[in-house]
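Working notes, structure below.
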Amino acid sequence: MQLSEQEQIRRSALQELNKLGINAYPPEQYPVNVLASDVSKNFQSNEEAYQDVCLAGRIMSRRIMGAASFLELMDSSGRIQLYFKRDEICPAEDKTLYNTVFKRLLDIGDIIGVKGFVFVTKMGEITVHVKEFTILTKSLRPLPIVKEKDGEVYDAFTDPDQRYRQRYVDLIVNDGVKDTFVKRAQVIRSMRNFLNDKGYLEVETPILQSIPGGAAAKPFVTHHNALNMPLYLRIANELYLKRLIVGGYDGVFEFAKDFRNEGMSRFHNPEFTQMEIYVAYKDYFWMMKMTENMIEKIALDLHGTTEVQVGDNIINFKAPYRRLSILDAIKEFTGYDVSKMGVDELLDVCKKLDIETDPSMGVGKLIDEIFGEKCEGSFIQPTFITDYPVEMSPLCKRHRENPELTERFELMVNGKELANAYSELNDPIDQRARFEEQMDLAAKGDDEAMVIDQDFLRAIEYGMPPTSGMGIGIDRLVMLMTNQSSIQEVLFFPQMRPEAVKKVITSADFVDMGVSADWAEIMIPAGFTSPDVLKKTKPSAIQQKLNGYRKKNKLDIPAIQMEDINNWLAIIN
RNA sequence: GAUUCGUUAGCUCAGCUGGUAGAGCAUCUGCCUUUUAAGCAGAGGGUCCCGAGUUCGAGCCUCGGACGAAUCACCA
């Protein structure tokens, strides 16, 4: 492995520590008794309590001034300044611990523990005066340290690719990243508490499913060896939760990782989290109330107010939310009353509105398309869009007043769908017919049409009480609540293309080719990163390049001869 | 999948009309006892994403490719 100079420096520092009898990875626990944020928050109101503190964390900056030094220590709670004084670290004659271990062998990024007392510097900064320190972990890679002065940020670690691939570094050096994920946990906790308080049962249902049902999406396929059959990662858990309602629970919910084999964007990750809930004897009107109350509570728990800044908008999550049918929404934004239109008229409207269509689209799809193009983005404040066409919603009960529509709502916030809910279809005859329509769509080439799930039909043939169900995108909710504009910011490890693995060659490989040990060390730095490179280079050029490198670096080894090179090439070929 | 932009030192980024690869920070050495991205003096550090081509000469121009980002389309 080719190490950068800084990595080599850190490794040799590690060796020196070992020589001094210091274990840079000690096994025993370290008796931390306070967090950095506690010290900076509470020291001035109770100085006595901080005369004997013990902290541990990562060194984030160092300012060494002869026999005194300042450094910044970061623990899970935040940062605090440390003050080191040589004659206190090393009261006796031997100053090795300060001069060598502290000044030379420690680096930014190392994890240390310190014991001492808290005081305030002349600059007014609350600081730990260190009497004793312990190396807890030596860091072998340099951290990209972000610095800040007068509100300006220097050397920011901002490349999204690197931030997501090396989230651990992002968490260390970028302020606020940790906090986003703390807030994510708070959102989930708040929602879970809300649902538990209502007495609903949190359940777990299969992720590996033999029929990927409950939504219109392409699944990931895998294979079960023992059963020798394909299995799918779930695209939704809806059909399983409904089986549990059939089984007699009044309310069930699940925080579910779902998987969809579709495009990625700042709103889409192949695996994402939904909370789905089903409650017996309720309808979608009831569910609207529950949804808005739940979201209002989450906003209050998180921010202490229902008003949340999202991008340029302030979104008010205070219930109740506006309700608007999809047909009224279209009328409001386009002026067209599409409620009684057939396919031909709708195609005409789409043409006038400059919306792309294709011949496979039916009434429902066309209405959905118009809404998506012309309306959806306009609903910034939370709005329930209701009563979608029946073709779009094969699992949803028909509308009590109009059988062409369904009792469905989607909650729009900041121009995006956040939640989706139905009065669930519990008529097994109608459900079977709707599945068959989906089969027809599949036969026409719709690869997202739902597959018929016979066991689910069997379940609701036993009788599922009237039920309302709702699914809410947790990632999107967290994006709203933390003012993040991409889903990657609210997932610790968003999906990414794997890093390209470079084929690693070592000097030993050159030795195997008959290159002497001295020269083998030089091959890679001289630019011969694989035997292939050698093969493609003219022998005379190899000689020039290697001897050129030898001369430039004043290497004390014999120059390479044409004969040697020809011998290597003979072995390769 | 389409379009646009990007890839240069550990990090952030310059690099003119094609002419010996640069800065700041980080690193290393020295000085410095309360500093504030500390300061001062010095040093080392590069597969200019990869591969072809044009050229006396390519970080720069042309073509191909890889990777990434943004926007758009499907989807939560």
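Throughout, a chain's letter reflects where its sequence line sits, starting with A, and its residues are numbered from 1.
Taking the nucleotide of RNA chain B with the nearest heavy atom to each of Gly124(A) and Arg476(A), the more 5' of the two is matched to Gly124(A). For Ser265(A) and Gln488(A), each mapped to the nucleotide of RNA chain B holding its nearest heavy atom, the one lying further toward the 5' end belongs to Gln488(A).
Across all strands, Leu418(A) comes closer than 4.0 Å to no nucleic acid atom at all (heavy-atom distances). Lys365(A) comes within contact range of the sugar-phosphate backbone alone, with a heavy-atom separation under 4.0 Å but no base atom that close. Nucleic acid contact for Arg104(A): sugar-phosphate only, since backbone atoms but no base atoms lie under 4.0 Å from a heavy atom of the residue. Looking at heavy-atom distances under 4.0 Å, Phe119(A) makes contact with a base. Counting non-hydrogen atoms under 4.0 angstrom, Glu417(A) reaches the backbone sugars and phosphates but no base. Using a 4.0 Å heavy-atom cutoff across all strands shown, Asn420(A) reaches no nucleic acid atom at all. If you check every strand for non-hydrogen atoms under 4.0 Å, Gly66(A) touches a base. Nucleic acid contact class of Arg266(A) (heavy atoms, under 4.0 Å, all strands): sugar-phosphate only. Residue contacts shown for Asp258(A) are absent, as no nucleic acid heavy atom lies under 4.0 Å away.
Pairing for rC61(B) is with rG53(B), a Watson-Crick or G-U wobble pair whose two hydrogen-bonding atom distances lie under 3.5 Å. Checking rC48(B) for Watson-Crick or G-U wobble geometry (two distances, each under 3.5 Å) identifies no partner in any strand. The pairing partner recorded for rG39(B) is rC31(B), the criterion being a Watson-Crick or G-U wobble arrangement whose two distances lie under 3.5 angstrom.
Salt bridge status for Arg408(A) with Glu410(A): present, with a side-chain N to carboxylate O gap under 4.0 Å.
The nucleotide whose nearest atom lies closest to any side-chain atom of Ile108(A) is, among rA73(B), rA26(B), rU35(B), rA26(B).
Side chain of Thr386(A) to backbone of Phe384(A): no donor-acceptor contact under 3.5 angstrom is found. At distances below 3.5 Å, at least one donor-acceptor pair connects side-chain atoms of Arg234(A) with backbone N or O atoms of Thr205(A).
Taking the side chain as every heavy atom from C-beta outward, Leu82(A) and Phe133(A) never approach each other to under 4.5 Å.
For Gln81(A) against rU35(B), a side-chain-to-base donor-acceptor contact under 3.5 Å is present.
For rA38(B), the OP1/OP2 oxygens have a side-chain nitrogen or oxygen of Arg63(A) closer than 4.0 Å.
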